Amino acid sequence: MDLTSLLAQSDPVAIARQLIGVELISEADGQETSVLLTEVEAYYAPHDLASHARNNTRTARTEVFWAAPGSCYIYTIHTHMMLNVVTGPVGTPHAILFRAGAPHRGLETIKARRKMTKLKRQLTTGPGVLAKALGIKDKTLYGSDLLDPENPLRLEVTTPPVTKDGIVATKRIGLGVKAGEWAEKPWRFHLKGSPFVTPG
DNA sequence: GGTCAGATGGACT
DNA sequence: GTCCATCTGACCG
């Protein structure tokens, strides 16, 4: 299964599972850094009230949800950048949030960006932290193609797929009250046994 | 382990 | 202008 076909599938929950272990590579600041994804969450709008594209809410911020699968959705919360990839056929507002990864390439650069000296969980765990580790500090790459080998931020399959029983499904994190029952969906996936996973 | 303030873009009145 | 958010780091025990 190549990523282009995977991300074009119609079920973001099934896709999210298969993104665990995929490499997310950044060339920000002329430095190559990457992580192997250890934690992601699926967002299944328009029905999913936890998604920014709930009820087909289409604004300048959410416009990219309707673009091609593989497009990058970046938004800010407080002072942090959140990285997502759009999935599904064009016109279905689905996305998957990257929440954590295990450092893979450019460990020294990652540690410098995080102002940390040791390899530990907090280095690349948490969506805002992950973006910072990869040097993503603004929305420049909003709408760019994460499947394009020329894009400074991209996804690549570089390691064998993680087996099904190596992945754990739990509830999503940090959703507001208006998500209601959708907050209960087990649409957060993480690599079993990995230290690079958010608590909860 | 738990609690809590910071800090800012974006949606909506 | 107001309200809120897919959060983090610091602080306290």
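Below, chains carry the letters A, B, ... as their sequence lines are ordered, and counting in each starts from 1. These figures come from a predicted structure and were not determined experimentally. What you see below is based on every heavy atom in this structure, not just the backbone, and it leaves out hydrogens, waters and symmetry mates.
If you find the closest nucleotide of DNA chain C to H80(A) and to V177(A), the one lying nearer the 5' end belongs to V177(A). Toward the 5′ end of DNA chain C lies the nearest nucleotide of E41(A), the other residue of the pair E41(A) and R114(A) mapping further downstream. The nearest heavy atom of DNA chain B to I77(A) and to R61(A) marks one nucleotide each, and the one closer to the 5' end goes with I77(A).
Under the 30°/60° scheme for interplanar angles, the aromatic rings of Y73(A) and Y142(A) are found to stand perpendicular. Between H94(A) and Y44(A), the ring-plane angle classifies as perpendicular under the 30° and 60° cut-offs.
Pair check for dT3(B) finds dA10(C); Watson-Crick or G-U wobble, both atom distances under 3.5 Å.
Counting only N and O atoms by type, the side chains of S5(A) and D2(A) include a donor and acceptor under 3.5 Å apart. No side-chain N or O of T33(A) forms a donor-acceptor pair with one of R105(A) less than 3.5 Å apart.
Of the side-chain N and O atoms in T79(A), none sit less than 4.0 angstrom from OP1 or OP2 of dT8(B). Distances shorter than 4.0 Å separate none of the side-chain N or O atoms of K132(A) from OP1 or OP2 on dT8(C).
Distance, L175(A) CG to dC7(C) P: 7 Å, rounded to whole Å. Atoms CE (M81(A)) and P (dA5(C)) sit 19 Å apart, rounded to a whole Å. In this structure, CD of Q122(A) is placed 15 Å from C1' of dC11(C), rounded to the nearest angstrom. Atom-to-atom, CG of L83(A) to C1' of dC7(C) comes out at 13 Å; the value is rounded to the nearest Å. Regarding K137(A), its NZ atom lies at a distance of 17 Å from the P atom of dT8(B), rounded to whole Å. Taking atom CG on N55(A) and atom P on dC12(B), their separation rounds to 11 Å, with Å as the unit. What separates CE of M116(A) from C1' of dA10(C) is a distance of 12 Å, to the nearest Å. Here the P atom of nucleotide dC12(B) and the NZ atom of K178(A) are 9 Å apart, to the nearest Å.
Across all strands shown, K115(A) has no heavy atoms under 4.0 Å from either base or sugar-phosphate atoms. R172(A) comes within contact range of no nucleotide atom at all, as no heavy-atom separation falls under 4.0 Å. Residue A179(A) is classed as having no contact, given no heavy-atom separation below 4.0 Å to the nucleic acid. Within 4.0 Å of L97(A), counting heavy atoms only, lies at least one base atom of the nucleic acid.
Between D29(A) and R113(A) there is a salt bridge, since a side-chain N of the basic residue sits under 4.0 Å from a carboxylate O of the acidic one.
A stacking contact links H78(A) to dC7(C): the aromatic ring centre lies within less than 5.5 Å of the base's six-membered ring centre, and the planes differ by less than 30°.
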